[in-house]
Amino acid sequence: MRITGQINDGFQSVGGILEQSVDAGHDLGASVAVVVGGETVLNIAAGHQDRAKTLPYTPETMAPVYSSGKAVCAALIAVAVSEGKLSYDQTVASLWPAFGAEGKDQITVAQALSHQAGLSGFTDAFDPKRWLDWEQTTTAIAAAKPLWEPGTASGYHPQTFGYIAGELLIRTMGKSVGQLIRRVTKDVVCGLSLSEATRVSPMVKPKRAPDLGAITPIKRAAFLEAWSSPSGVSRQEWAAAEIPASNMHATAHGLAEFMQLFAAGQFADLSISDATRSEAWAERISGEDLVLPYHLSWGAGVIRENGKIFGAPPTAIGHYGFGGSCVLADPAIGLSFAYVPNQQSPSLVADPRAVELIQAVYKAVA
């Protein structure tokens with residue numbers, strides 16, 4: 001199996017791990033990228049886009065990254081905070097008055113981004129095509145009653161996170177998540193066009209469902225109801241919609257570059273001040289998540305390393321996407337990392353493939 005792309009001296013071991021993963025069948029195709037202080041030191045790919053192994057997976061290949069896109073949303077919110085257009089401590093309702101219904105008037109931006117709003121899903125049935133309609137979905141979120149007392153626990157918001165973050169950005173930055181991303185990169189996309197779709201590798205679904213632990217009504221609303229995620233639509237319709245928490249498409253290099261906003265404070269013409277970056281990754285809540293079966297430490301839209309999440313030092317923050325994609329930023333050394341596979345595993349967090357790559361990256365920069 002041949003690795004393609006850029007490997008700077010010292011990072012050959014990372015390429016070797018990716019090669020071994022493809023050879024062993026753990027990956028069909030994947031890309032990995034590392035940026036340090038604005039300089040790309042690794043941007044590689046291996047394997048294939050298709051099961052017939054006729055199309056190579058290259059560093060320019062995009063794939064769905066699912067919830068890894070939440071870190072992109074969090075970075076855009078941090079840009080808005082850095083520009084003084086909102087603050088983590090103000091209430092969501094101060095910017096979006098309708099959101100204050102059903103006792104949600106005191107939920108802060110930071111609480112919403114750290115999955116404390118009690119809005120992990122909906123318990124009442126609806127047409128799952130609704131997720132593709134921004135106005136319908138945000139109206140439903142604003143009217144919803146929290147599933148637990150906000151601020152008392154985190155409970156992962158698989159879909160609603162992106163609509164809350166996105167609505168805040170529309171109201172403060174004047175543009176949607178997809179529009180803001182398009183200003184600075186072609187390698188991360190939220191709302192895929194037909195021309196961009198030619199760059200996207202199809203996904204190989206996992207052989208078994210993720211382990212959510214004991215099923216509760218909160219978990220069922222988040223993941224298991226017939227309306228918990230978009231359905232009854234074509235893949236093209238889903239990909240073209242802006243669903244920021246779950247349907248971004250990207251290359252590893254595009255994500256690693258974007259995560260330089262957290263790692264070093266700058267990407268393209270976007271920037272985040274040091275003070276805002278510290279606010280963004282400060283711990284907002286820690287404990288057993290009500291949806292994901294993990295003990296998690298949350299910043300404002302990012303997962304904080306607690307020794308069991310990324311295989312990185314405690315200074316790292318990042319996010320996983322369903323099936324294995326991963327983004328990470330370490331402001332202590334200005335490093336950002338991304339892994340984008342097209343073969344999903346059942347992992348929701350701490351995918352072994354990503355952890356092994358991250359550990360090799362840290363050895364390379366030591």
Side-chain angles (χ1 to χ4, degrees), residues 1 17-32 45-53 55 57 61-71 120-121 128 131 156-159 161-162 192 200-216 219-236 238-239 243 245-252 255 289 291-294 296 303 308-311 318-328 338-358:
M1 177 56 59
I17 289 171
L18 179 60
E19 187 175 42
Q20 291 168 13
S21 184
V22 172
D23 286 343
H26 303 311
D27 275 304
L28 174 61
S31 59
V32 182
H48 296 86
Q49 296 185 41
D50 58 326
R51 295 190 190 194
K53 299 184 178 179
L55 296 172
Y57 197 111
T61 301
M62 292 198 294
V65 297
Y66 303 107
S67 288
S68 288
K70 288 182 172 72
S120 59
W131 291 108
Y156 188 60
H157 293 35
Q159 304 292 345
F161 173 98
L192 198 69
V200 175
S201 171
M203 298 297 291
V204 176
K205 298 299 182 183
K207 295 180 180 179
R208 58 183 174 84
D211 180 8
L212 291 173
I215 301 302
T216 65
K219 292 183 183 183
R220 184 170 294 282
F223 282 120
L224 301 176
E225 299 289 7
W227 56 87
S228 292
S229 61
S231 63
V233 298
S234 68
R235 191 198 180 284
Q236 180 178 321
W238 170 79
I243 308 175
S246 63
N247 82 336
M248 285 192 199
H249 296 73
T251 66
L255 286 175
D289 193 83
V291 173
L292 298 178
Y294 303 98
L296 296 174
I303 303 172
K308 299 179 181 179
I309 303 299
F310 301 110
H319 217 290
Y320 282 91
F322 172 44
S325 70
C326 178
V327 294
L328 176 142
Y339 163 63
V340 177
N342 67 356
Q343 181 169 301
Q344 293 180 292
S345 79
S347 298
L348 292 170
V349 172
D351 188 290
R353 298 170 299 176
V355 170
E356 186 176 13
L357 289 163
I358 290 168

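Side-chain atoms of Lys53 never come within 3.5 Å of backbone atoms of His48 as a donor-acceptor pair (strictly under, hydrogens ignored). Without hydrogens or angle criteria, Gln344 side chain to Gly324 main chain gives no donor-acceptor distance under 3.5 Å. Under the 3.5 Å distance criterion, the side-chain polar atoms of Ser228 are matched with a main-chain donor or acceptor of Glu225. Using modelled atom types, no side-chain atom of Asn342 and backbone atom of Ser201 make a donor-acceptor pair closer than 3.5 Å. Between the side chain of Trp238 and the backbone N or O of Ile243, no donor-acceptor pair lies under 3.5 Å. For Lys205 (side chain) and Gly323 (main-chain N/O), no donor-acceptor pair under 3.5 Å exists by modelled atom type. Distance alone, capped at 3.5 Å, places no donor-acceptor pair between the Thr251 side chain and the Thr61 backbone. Remark: side-chain polar atoms of Asp351 are not paired, donor with acceptor, to backbone N or O of Ser347 under 3.5 angstrom.
Neither side chain, Thr216 nor Lys219, offers a donor N or O lying under 3.5 Å from an acceptor on the other. In this structure, a donor-acceptor pair under 3.5 Å is present between the side chains of Asp27 and Tyr339.
Summarising the geometry, atom CD1 belonging to Ile17 is positioned 11.5 Å from atom CD belonging to Glu19; distances are rounded to the nearest 0.5 Å. The CE atom of Met203 sits 8.5 Å away from atom CZ of Phe322, with the distance rounded to the nearest 0.5 Å. In this structure, OH in Tyr66 is found 9.0 Å from OG in Ser325, a value given to the nearest 0.5 Å. Taken to the nearest 0.5 Å, the CD atom of Gln49 stands 9.0 Å off from the CG atom of Leu28. A distance of 11.5 Å separates CZ of Phe161 from OG of Ser246, quoted to the nearest 0.5 Å.
Of all heavy-atom pairs spanning Ser120 and Val291, the tightest one is CB-CG2, 3.9 Å. The nearest pair of heavy atoms linking Pro158 to Ala245 is O-CB, 3.2 Å. Closest non-hydrogen pair, Ser231 versus Ala226, comes out as OG-O, 3.8 Å. Gly25 and Gln343 get closest at one heavy-atom pair: O-NE2, 2.8 Å. When all heavy atoms are compared, the tightest approach of Cys326 to Ile358 is SG-CD1, 4.0 Å. Of all heavy-atom pairs between Ser68 and Val327, the closest is O-CG2, 3.9 Å.
Ring geometry, Tyr156 versus His319: the interplanar angle falls from 30° to 60°, so the pair is classed tilted.
Looking at heavy atoms from C-beta onward, Tyr320 lies out of side-chain contact with Ser67 at the 4.5 angstrom threshold. For the pair Ser31 and Met62, the minimum side-chain heavy-atom distance is 4.5 Å or more. Between Val349 and Ile309, some side-chain heavy-atom pair lies under the 4.5 Å cut-off. Side chains of Leu224 and Leu212 form a contact here, defined as non-hydrogen atoms less than 4.5 Å apart. Arg353 has its side chain within reach of Pro341: a pair of non-hydrogen atoms, C-beta onward, lies under 4.5 Å apart. A heavy-atom distance below 4.5 Å is found between the side chains of Leu255 and Val340. For the pair Leu348/Tyr294, a side-chain contact is recorded, criterion being any heavy-atom separation below 4.5 Å from C-beta on. Considering only heavy atoms from C-beta on, Phe310 stays 4.5 Å or farther from Val355 through its side chain.
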Decide yes or no on side-chain contact (heavy atoms from CB on, under 4.5 Å) for Ile303 and Lys70, but give the supporting numbers first. CA-CA 10 Å; Ile303 303 172; Lys70 288 182 172 72; over 6 Å; no

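Looking at residues two or more places apart in sequence or on another chain, you find no salt bridge (Lys or Arg N to Asp or Glu O under 4.0 Å) involving Asp289.
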